[in-house]
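Step one of this worksheet: look at the structure below.
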Amino acid sequence: MRTANLARAAVPIGEHELGPDATTPAPGTVLAGAARLLAAAQRFFEAAAVFERVVGADWLLIGKILNVAPRTARVHFGMAETAFRQELSSPEGISSREAAGVTSLRAHMTREPPETALDLDNWLLRHQDGDDDLGSAPVCEGLVRRKHS
């Protein structure tokens, strides 16, 4: 949603968003918005690759999807995957008493994404404010499990 908002903001569509001469009010505004959108897309791209690795994709599959050699995919995304896995195992900024629970929860989320998604569905449905029709499984409906060959 944040990426979509950045993309929408990059294209002035209302009269209130344009100056009297039908240009953007400040020079560089559109370029700055595009730069923010590109950065958000890069973060999403990296997170998607890490997600695929966590759920079992190998570098051969990731490389094939991206039309690059497996080694190139590993070089490009390997550090992000390593950082993610280290974050799972070493919670910082919390007490040692909380650390065991947080590490356990993160490990569970990594091992059991479908169960975690169901838990998120339940939580979200209990806490919705009634303004949106979220459906019966707002998180799970967006998930599609793929078999990795």
Nearest 0.5 angstrom please: [X] [atom1] to [Y] [atom2], how far?
| X | Y | atom1 | atom2 | answer |
| --- | --- | --- | --- | --- |
| L38 | R43 | CG | CZ | 10.0 Å |
| F77 | W59 | CZ | CH2 | 7.5 Å |
| F51 | E81 | CZ | CD | 13.0 Å |
| Q42 | L37 | CD | CG | 10.5 Å |

Is a side-chain N or O of T72 found less than 3.5 angstrom from the main chain of V68, in a donor-acceptor match?
->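 No; judged by distance alone, with no hydrogens or angles, the pair does not exist.
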R74: partners by salt bridge (Lys or Arg N to Asp or Glu O under 4.0 Å), with sequence neighbours left out =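 With neighbours one apart ignored, the set is empty.
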Sort out for me which residue in D58, I65, I62 forms a side-chain contact (heavy atoms from CB on, under 4.5 Å) with E52.
->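 Only one of D58, I65, I62 forms a side-chain contact (heavy atoms from CB on, under 4.5 Å) with E52, namely I62.
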